[in-house]
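Atoms considered below: every heavy atom in the structure, side chains included; atoms not considered: hydrogens, waters and symmetry mates. Quantities reported herein were computed from a predicted structural model and do not represent experimental measurements.
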Amino acid sequence: MYTPAAFRMEELPDLHAAMRAAGLATFVTGTGAGLMATPLPLFLAPDEGPLGTLYGHLARANPQRAEPPTCEALAIFGGADAYVTPAWYATKRETGRVVPTWNYVTVHAYGAPDFFEDATRLHAVVSRLTDLHEAARPHPWAVTDAPDPYIRSQLKGIVGLRLPIARIEGKRKMSQNRSAEDRAGVAAGLAGSDRPGDRAAAGLVPLDQQPRSEPGHSALALRQGPHRTPVTSPISRGSR
């Protein structure tokens with residue numbers, strides 16, 4: 001991913017937090033049949049491996065799981081994003097030398113995908129995904145609330161996905177390359193928008209830093225090192 005230094009996310013906890021906040025990812029594989037992609041809710045096991053491991057599931061009928069990947073798979077997590085009009089920049093009034101842009105947060109996680117069909121592991125994955133997204137509800141629903149034979153029949157229609165993260169890169173493009181006055185204008189403009197996504201982006205515009213405008217492409221990405229042993233969890237165990 002093209003990531004100028006001004007926008008690069010460098011800390012693993014920040015990358016993990018952005019992934020958790022997104023929830024839904026786009027799972028992409030390169031195959032002999034071409035590129036294939038599926039929107040998937042994924043959860044992160046942060047302590048399983050040096051950079052963490054992602055879990056989810058696909059429909060058994062999804063052809064993506066049957067096509068062998070020819071390279072690393074990619075999980076794309078999107079965060080807050082918003083259109084930025086030049087009208088919000090102080091520079092517009094001063095010189096007029098401004099153009100529109102788009103602010104956004106995204107994280108790309110790469111690794112070798114592992115599809116599995118073991119019913120115990122599948123049950124653990126769907127239970128953990130459900131618990132994660134039901135936790136904030138006043139009366140959370142649990143997988144065990146449904147009849148066990150019904151759940152077993154549903155599990156036959158899916159395959160599990162395990163994606164140990166081999167490298168990860170993130171980009172938070174939130175006007176860091178603009179002056180303090182321009183950033184203040186962007187934050188105020190987004191905060192006054194009717195769109196919830198714009199208001200979420202407003203809170204990510206940094207107001208207390210010097211503008212960062214380092215040119216060029218940064219190839220830096222966090223990569224899995226050889227010095228840490230991945231943690232084995234009940235979900236990760238089993239035939240792969």
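Taking the ring centre of F116 as origin, the terminal cationic atom of R121 falls inside the region bounded by 6.0 Å and 45° from the ring axis. Stacking of R128 on the aromatic ring of Y55 is not recorded, the 6.0 Å distance cut-off and the 45° axial limit not both being met.
In this structure, the side chain of R97 does not engage the main chain of T91 through any donor-acceptor pair within 3.5 Å. Side chain of T70 to backbone of G30: a donor-acceptor contact under 3.5 angstrom is found. Checking side-chain atoms of T3 against main-chain N and O of M1 turns up a donor-acceptor pair under 3.5 Å. No side-chain donor-acceptor contact under 3.5 Å links R162 to the backbone of F115.
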task: For the pair D182 and S175, evaluate side chain to side chain donor-acceptor pair (under 3.5 Å) and give the outcome as yes or no after the intermediate values.
output: CA-CA 8 Å; D182 284 354; S175 303; over 6 Å; no

- prompt: After noting the C-alpha distance and the side-chain angles of Y89 and E94, does the key distance pass the side chain to side chain donor-acceptor pair (under 3.5 Å) rule?
  reply: CA-CA 9 Å; Y89 292 147; E94 296 166 358; over 6 Å; no

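Using a 4.5 Å cut-off on side-chain heavy atoms (C-beta onward), E67 and T29 make no contact. Within the 4.5 Å cutoff, no side-chain heavy atoms of R178 are placed close to those of V186. Considering only heavy atoms from C-beta on, L24 comes within 4.5 Å of P41 through its side chain. You'll find the side chain of L54 reaches within 4.5 Å of the side chain of F77, heavy atoms only. Looking at P164 and E48, their side chains never come closer than 4.5 Å, going by heavy atoms from C-beta outward. No side-chain heavy atom of L42 sits less than 4.5 Å from a side-chain heavy atom of M19.
Using a cutoff of 4.0 Å between basic side-chain nitrogens and carboxylate oxygens, E181 and R93 are not scored as salt-bridged.
By the salt bridge (charged side-chain N to carboxylate O under 4.0 Å, His left out) test, E134 pairs with R137, sequence neighbours left out. Among residues two or more places apart in sequence or in another chain, the salt bridge (charged side-chain N to carboxylate O under 4.0 Å, His left out) test is passed with R195 by D198.
For the atom pair OG1 of T53 and CD1 of I165, the computed distance is 6.5 Å after rounding to the nearest 0.5 Å. From K171, atom NZ reaches atom OG1 of T106 across 9.0 Å, with rounding to the nearest 0.5 Å. A distance of 11.0 Å separates CZ in R20 from CG in L15, rounded to the nearest 0.5 Å. Taken from CG in L122 to CD1 in I158, the straight-line distance is 5.0 Å, to the nearest 0.5 Å. Rounded to the nearest 0.5 Å, atoms CE (M36) and CZ (R65) are 11.5 Å apart. In this structure, CZ on R172 lies 13.0 Å from OH on Y104, to the nearest 0.5 angstrom.
Note on V126: it clusters hydrophobically with F43, by side-chain heavy-atom contacts below 4.5 Å among ILVMFWY residues. In the hydrophobic clustering of ILVMFWY residues, with side-chain heavy atoms under 4.5 Å counting as a link, M174 and Y83 come out apart. At a threshold of 4.5 Å between side-chain heavy atoms, the hydrophobic network of Ile, Leu, Val, Met, Phe, Trp and Tyr places F27 and Y110 in two separate groups. Cluster annotation: L51 and L74 are assigned to distinct hydrophobic clusters (Ile/Leu/Val/Met/Phe/Trp/Tyr, side-chain heavy-atom contacts under 4.5 Å, transitive). Tracing side-chain contacts under 4.5 Å through hydrophobic residues (I, L, V, M, F, W, Y), one reaches L190 starting from L207; they form part of the same cluster.
Heavy atoms only, all atoms of each residue included: A201 and A82 are closest at CB-CB, 4.0 Å. The shortest heavy-atom contact between A75 and L163 is CB-CD2, 4.1 Å. Across A202 and A191, no two heavy atoms sit closer than the pair CB-N, 3.5 Å. Nearest heavy-atom pair, T26 versus A37, reported as atom, atom and distance to 0.1 Å: CG2-CB, 4.0 Å. Contact detail for P46 and L44: the closest heavy-atom pair is CD-O, 3.2 Å. Heavy-atom minimum distance, P69 versus P113: CG-CG, 3.7 Å.
The stretch residues 145-155 participates, sequence neighbours left out, in these salt bridge (charged side-chain N to carboxylate O under 4.0 Å, His left out) pairs: D148-R152.
The one candidate from L155, L161, L129 that meets the side chain to side chain contact (heavy atoms under 4.5 Å, CB included) condition with H57 is L129.
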